[in-house]
There are 2 protein chains.
Amino acid sequence: MMSFLDEQAVTSSDKAFFRMRKEIVEGEIAAGSKLSEMELSTKYEVSRAVVREAINRLESCHLVERKANVGARVVTLTPEGLMELYQIREALEGMAARLAAQYMTEGEVQDLEGLLSSQFDEVKNQHSYYQEAGDLDFHYRIILGSKNASLISMLVNGLYHLVRMYRVQLGMAGPRVTTAFDEHKHIVRAISNRDPELAEILMRRHIQYSKNNIAAKLASNQSHI
Amino acid sequence: MMSFLDEQAVTSSDKAFFRMRKEIVEGEIAAGSKLSEMELSTKYEVSRAVVREAINRLESCHLVERKANVGARVVTLTPEGLMELYQIREALEGMAARLAAQYMTEGEVQDLEGLLSSQFDEVKNQHSYYQEAGDLDFHYRIILGSKNASLISMLVNGLYHLVRMYRVQLGMAGPRVTTAFDEHKHIVRAISNRDPELAEILMRRHIQYSKNNIAAKLASNQSHI
DNA sequence: AAAATGCAAATTGTCGACAATTCTTAATAT
DNA sequence: ATATTAAGAATTGTCGACAATTTGCATTTT
């Protein structure tokens, strides 16, 4: 489960990139903190060149920001940034759902329905770690179902790590589990009915709801710190 | 005119990046060709390190594809790639138009209307180099009007160079000038009326038409080569 | 003759050192 | 005391050399 795109590290820079990405997403390297090339190269026991390349790749994912002759910093999480990110998600994943309704194979649709019913059991039995893993799995399948390689790459290699960063660092295990499940159900039905318009509309609403939910959480976190 | 985001080269890699990007977009470096680091470093009279960094950045723009231990190639232009690109444009620029209808200032809307009427004069007087410069200017202004920094960066720094590459290398100076102008007019009206839904719908249709137009051209080019 | 193997050449990946820029801090001037 | 300047330290940018991997070609093998 969730073993698509098994991006395996072949080069040294790959390893550094994956490791840094993980540490940034999970907050082990704090949001907003400076990334010293020398420091990281001693920490990971590689040359500065591979750290530089890893940082460049992190910049492509929008996980760090670099300024010439000054250095790189991990992005800071802000309500505005979250809004922007979810506006983009709404546009791109709405399109992905539309395309998935057109181009997913019958087998893929059935797998998606299967995933949903297995998740239904989990939710019913209170194993509600649904949000993180389950929600991501659902979205990934639809993204892959779009059959648009550029779109897939943009979302999977690019934006979704930032999405996860927001989720992880705001401690999302929210009460949104069951309602989100219903939303998923309706989206799958639209895809199964080969109704691109509806699939897109429902996906966009789903992401809007999700945005509102996480935004509320972020606002409360901001206040009592 | 068209002097936004004056990305100025501060470092040596910047210069190499900008130059290579220009040469790739304009076909001086052929689509699908291999990028030899050594060759380019002698050609530009810089070290391999800066060429490598430039190539990495070009990969982020989806202008080149890299394979570990093998090398980088300029992307190849295909009908499928074009379809994918325009599906993404439709989603992102549709959202941009929606946001522009909400967040553009009155001044920006007036400037946009001014641009349109000045272009109307040009079209009427047969100066119809409208398509390239004029169309891009129109789209850029709406993208910037979205006020979504991530979206702006994705489109301006990322996708639009690829869009230009398709346009330039397929010799777009098409007969679509006047009809596209009417589409622009209606989009601006929706933005001016602060009607986000309509602005998005019209922008999406505009891009769909544009896609069909360029796809037809690509098909004919493919056949008689 | 076709396929497999092994060596040589070429290309990419990694490294440490040097150059250029920015940041820090302390001294000086107003 | 504040602002300015200048020297020093630290960080990033660039370079050439070496290591690892891939590619091309010749040889061998079936």
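Sequence lines set the chain letters: A, B, ... in the order given, protein chains first and strands last, and positions in each chain run from 1.
What separates CD of B:Glu53 from P of D:dG13 is a distance of 7 Å, to the nearest Å. Summarising the geometry, the separation between CG on A:Leu40 and P on D:dT11 is reported as 12 Å, rounded to the nearest angstrom. Whole-Å rounding puts the B:Met38 CE to C:dG13 C1' distance at 14 Å. Rounded to whole Å, the distance from NZ on B:Lys67 to C1' on C:dG13 is 16 Å. For the pair B:Tyr44 OH and D:dC15 C1', the computed distance is 19 Å after rounding to whole Å. A straight line from CZ of A:Arg48 to P of C:dT14 spans 15 Å, rounded to a whole angstrom. Whole-Å rounding puts the A:Glu39 CD to D:dT12 P distance at 10 Å. A straight line from CG of A:Asn56 to C1' of D:dT14 spans 14 Å, rounded to a whole angstrom.
Residue A:Arg66 places its side chain closer to D:dG13 than to any other of C:dT14, D:dG16, D:dG13. Proximity note for A:Val70 (side chain, C-beta onward) versus C:dC23, D:dT14, C:dT12: the nearest is C:dC23. The side chain of A:Ala49 has C:dC15 as its nearest neighbour among C:dG13, C:dT11, C:dC15. Among the nucleotides D:dT22, C:dT14, D:dT14, the one closest to the side chain of B:Asn69 is D:dT22.
Within the 4.0 Å cut-off from OP1 or OP2 of D:dG13, not a single side-chain nitrogen or oxygen of B:Lys15 is found. Contact annotation: B:Ser13 reaches the phosphate of D:dT14 (side-chain N/O to OP1 or OP2, under 4.0 Å). Applying the 4.0 Å criterion to OP1 and OP2 of D:dT14, one finds that B:Ser47 has every side-chain N and O outside that range. Phosphate proximity of D:dT14 to B:Ser12: present, with a side-chain N or O under 4.0 Å from OP1 or OP2. Of the side-chain N and O atoms in B:Arg52, one or more sit less than 4.0 angstrom from OP1 or OP2 of C:dG13. Between B:Thr11 and D:dT12 there is no side-chain N or O to OP1 or OP2 distance below 4.0 Å. Between A:Lys34 and D:dA10 there is no side-chain N or O to OP1 or OP2 distance below 4.0 Å.
Using a 4.5 Å heavy-atom threshold, the side chains of A:Met83 and A:Lys211 count as touching. Two residues are said to be in side-chain contact when any heavy atoms from C-beta on lie closer than 4.5 Å; B:Glu53 and B:Thr11 fail this criterion. Contact of the B:Arg52 side chain with the B:Arg66 side chain is registered, since non-hydrogen atoms from C-beta on lie closer than 4.5 Å.
Looking at heavy-atom distances under 4.0 Å, B:Leu35 makes contact with sugar-phosphate atoms alone, never a base.
Mapping B:Gly71 and A:Val46 onto DNA chain C by nearest heavy atom places B:Gly71 at the nucleotide closer to the 5' end. Nearest-nucleotide positions on DNA chain C for B:Glu37 and A:Val50 put B:Glu37 closer to the 5' end.
Of all the heavy atoms in A:Met20 and A:Ala54, the pair that sits closest is SD-CB, 4.1 Å.
Side chain to side chain, B:Tyr160 and B:Glu93 meet the donor-acceptor criterion of an N or O pair below 3.5 Å.
A donor-acceptor contact shorter than 3.5 Å is absent between the side chain of B:Ser146 and the backbone of B:Ile142.
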